[in-house]
Structures are given as structure tokens and as C-alpha cells.
Participant: 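I have a structure here, written as C-alpha cells, and I will follow up with some questions on it.
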Protein chains: 2
Amino acid sequence: MTDQSWVRYGVERLRQVGLRPTQQRVALAELLFAEGDRHITAECLYDEAVAKNVKVSLATVYNTLNQFREAGLLREVVVRSGKSYFDTNTTAHHHAFDERTGRVEDIDLGVDEDELRRLVEVPSGKCITGVDVVVRVRDEERA
Amino acid sequence: MTDQSWVRYGVERLRQVGLRPTQQRVALAELLFAEGDRHITAECLYDEAVAKNVKVSLATVYNTLNQFREAGLLREVVVRSGKSYFDTNTTAHHHAFDERTGRVEDIDLGVDEDELRRLVEVPSGKCITGVDVVVRVRDEERA
DNA sequence: GTAACTGCAAAACTTTTGCAACCAG
DNA sequence: CTGGTTGCAAAAGTTTTGCAGTTAC
């Protein structure tokens, strides 16, 4: 998709979820969604925006990420305490996390989502809102 | 176990993992381990210590929790960004987390740990250091 | 025009750290 | 004694917020 057509598409998508398509939101949406699935932190997205000469403040990046999450455009992935990661893939799937590099990747769990929910023994009086699997990984050691 | 005998036991356990059994460490260890499995935050343990007239500072609670984790006495559970939970059960098991109450509970996943690891498609060149399953729950709605 | 949004700086939180005083061995 | 620990306060890191100014419509 060209930048031009992306802007039109992004503007439309923002309107659909009830967010006014401001310059900052459209620019951040492009960074987030134009190039496939991404896992990103606020700081990281801010640095990227600055590098691409997008005029935006860190506070707005935080606010925007939260608004996008509330609108269902993003999903938060909890892999590390003290830092938030956002995932542009909002469908049910799971993650691998490398503590050393801080990198998050999607993984295929050999279990179907419904199957997984069925396996879980839910505390009484509660219902499941989500199941998150985080596989912690590190570089394989060359012995 | 009586308080007296607990202190002797706790002192021994701390020595075993190479930590000097100071007043604060012994007192915190008792709060943590004397009454079955617990899931607790630093702030929460500090409040509990203060309520029981244990003379300890919040900084020491943080340091102690980290030392206990490094020593293998505790395990960290990542369920929420921006707050650390520690679990006194260090064996392989999984958690239910209620976002509303902030409460963490152990759950039984209907899958054996080895089986779970076998199912996962690990990114190439990486090996698994752990698999954490967090089931997000909320109160069942009475319709 | 006006309500929504942004930027900045300050605040709020959680967690870590530096260092003098303190305590266990 | 003496080195490991603690407490305090200060710092560090992430995220939120208050408010004056700007922008989308």
C-alpha cells in the first residue's frame, strides 16, 4: 500500500472506532499497522516516530496506545513487569519472549483456543476473559 | 507449626540457600511461608509486616523478595504490567488472575507440563526456559 | 466556533540504589 | 571486630495527568 492510500485507509479505520483522525493518530496508526504484525513498547514507537519526523510527544504516544487498545485496534501483551508491550494482532494467539533481548514473537501453540479454554479448571463463580500463554525462551547453547 | 519452631526452621532454610538469617529475613520468611501457598506483592507484604509490628523498610522488602527469588525460594508471576507478584509455590503450575480484584490463584491446567512444552513451536535457535499460562477471569454474571 | 486533542512538565507509582548506621557470627 | 544488612532518602524508570494552546470539523 502506498503512503497516500494508507492515510485514507487509516483515517477511515480511526473513524470507524470513533477516534478523531488527527495527524498524530494517523501517523502512529501507519507506523503500527502498515507493515504486518508488530510487538512494540510506547518508548520504542515514540523513538520510531521521532526518527521518521512525526511530530508527537511521548505522552501522546501513551495516550494513543491506550485509546487504540480500548478501541480494539491493539492488544496488550503482559510478558514483563514494568514495561507494556502492544500487539497489532488482536486475534487469539500466544507469545514467545526472550528476556535477554526483550523481543516478543507470536508462536503457534499446538492447542486450539477453545480446547485450551476447555482444559482450564476455572475458579468457581468466575468466567474466563482470556488465556495468555507466554513461552520464555533464550538462545540455544552451542555445546 | 508454632512460631518458635517456625523461626528455627526458617533460620535453617535461609542458611541452606546462603542468606544470613537476619531478623527481617526471618520475619518476612515466616509471613511468606508459614501459611501455605501465597501470591503477594512487595507493597502488600510490607503492609502485612507493618501490621504485625515487624520492623522492616519497604526497600528491604523489595531487596528480600529479589534475594528469595534468586535463591529459588520464590517465583515471580507476571500477570500485570507495572506490578510484581511473587508466588511461594516454586513448582511448575499456572495462574488465574482477576483484573478487577488483582487476585492471583493457582489453577490446574488439564495439560501436563512436559506435554505443554512439547506442543509449543519454539522459534529456531531458541530453547524454552519456562511456560507461563495466565487465565484472565472475572466474576460470572448472574443473568 | 467549539469540543476534542496535543504537548509539556509535573506528578504518580513501582522499584532500585548509595551510603551511614547496625548487627550477626 | 568486620563484612554483610538495613533503613532512609534519593534516584531511576515507566506511565498518567493537568492545563494552556492547537486542530479537526
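Proteins come first, then strands; the chains are lettered A, B, ... in the order of their sequence lines, and each starts at number 1. This is a predicted model, so every value here is computed, not measured.
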Participant: On the 0 to 90° scale, with breaks at 30° and 60°, tag the Tyr85(B)-Phe97(B) ring pair as parallel, tilted or perpendicular.
Facilitator: perpendicular
Participant: In whole Å, what is the span from the CG atom of Leu14(B) to the P atom of dT5(D)?
Facilitator: 11 Å
Participant: Quick one: is Arg25(B) getting a side-chain N or O under 4.0 Å of the dA24(C) phosphate, OP1 or OP2?
Facilitator: no
Participant: Considering just the side-chain nitrogens and oxygens of Gln24(B), establish if one lies under 4.0 Å of OP1 or OP2 belonging to dC23(C).
Facilitator: no
Participant: When the distance from NZ of Lys55(A) to C1' of dT22(D) is rounded to whole Å, what number comes out?
Facilitator: 10 Å
Participant: If we only count heavy atoms from C-beta on, is the Arg25(A) to Arg20(A) side-chain gap below 4.5 Å?
Facilitator: yes
Participant: Would you tell me if any nitrogen or oxygen in the side chain of Thr22(A) comes within less than 4.0 Å of OP1 or OP2 on dA4(C)?
Facilitator: no
Participant: Relative to the 5' end of DNA chain C, which residue comes earlier, Thr60(A) or Glu43(B), by the nucleotide with the nearest heavy atom?
Facilitator: Thr60(A)
Participant: Could you check how far OH of Tyr46(A) sits from P of dT6(C), rounded to whole Å?
Facilitator: 14 Å
Participant: In whole Å, what is the span from the CD1 atom of Ile40(A) to the P atom of dT15(D)?
Facilitator: 13 Å
Participant: Considering only dT15(D), dG7(C), dC5(C), which nucleotide approaches the side chain of Ala42(A) most closely?
Facilitator: dT15(D)
Participant: Atom CG of Asn63(A) and atom P of dG18(D): how far apart are they, to the nearest Å?
Facilitator: 12 Å
Participant: Please give, in whole Å, the distance from dT14(C) P to Asp47(B) CG?
Facilitator: 11 Å
Participant: Using the side-chain heavy atoms of Arg20(B), tell me which of these nucleotides is nearest: dT16(D), dT6(C), dT5(D).
Facilitator: dT5(D)
Participant: Let me know, please, whether Arg15(A) or Ala59(A) comes out on the 5' side of the other along DNA chain D by nearest nucleotide.
Facilitator: Ala59(A)
Participant: Please step through side chain to side chain contact (heavy atoms under 4.5 Å, CB included) for the pair Leu14(A) and Leu73(A), ending with a clear verdict.
Facilitator: CA-CA 9 Å; Leu14(A) 289 174; Leu73(A) 262 32; 4.3 Å; yes
Participant: Can you see if the side chain of Ser84(A) gets near the phosphate of dT14(D) - specifically, an N or O under 4.0 Å from OP1 or OP2?
Facilitator: no
Participant: Please tell me which of the listed nucleotides, dT15(C), dG7(D), dA24(D), lies nearest to the side chain of Leu58(B)?
Facilitator: dT15(C)
Participant: Under 4.0 Å between a side-chain N or O of Ser81(A) and OP1 or OP2 of dT15(C)?
Facilitator: no
Participant: Salt-bridged, Lys126(B) to Glu105(A), with N to O below 4.0 Å?
Facilitator: no
Participant: Run the side-chain hydrogen bond (donor to acceptor under 3.5 Å, both in side chains) check on His94(A) and Glu121(B) step by step: do they pass?
Facilitator: CA-CA 11 Å; His94(A) 303 287; Glu121(B) 206 170 272; over 6 Å; no
Participant: From C-beta outward on Tyr62(B), which listed nucleotide comes closest to its side chain: dT15(D), dT16(C), dG7(C)?
Facilitator: dT16(C)
Participant: What is the distance, rounded to the nearest whole Å, between atom CD of Glu12(B) and atom P of dA24(C)?
Facilitator: 17 Å
Participant: Report the distance from atom NZ of Lys83(A) to atom P of dT14(C), rounded to the nearest whole Å.
Facilitator: 18 Å
Participant: Tell me whether the side-chain N/O atoms of Gln23(B) come closer than 4.0 Å to OP1 or OP2 in dT6(D).
Facilitator: no
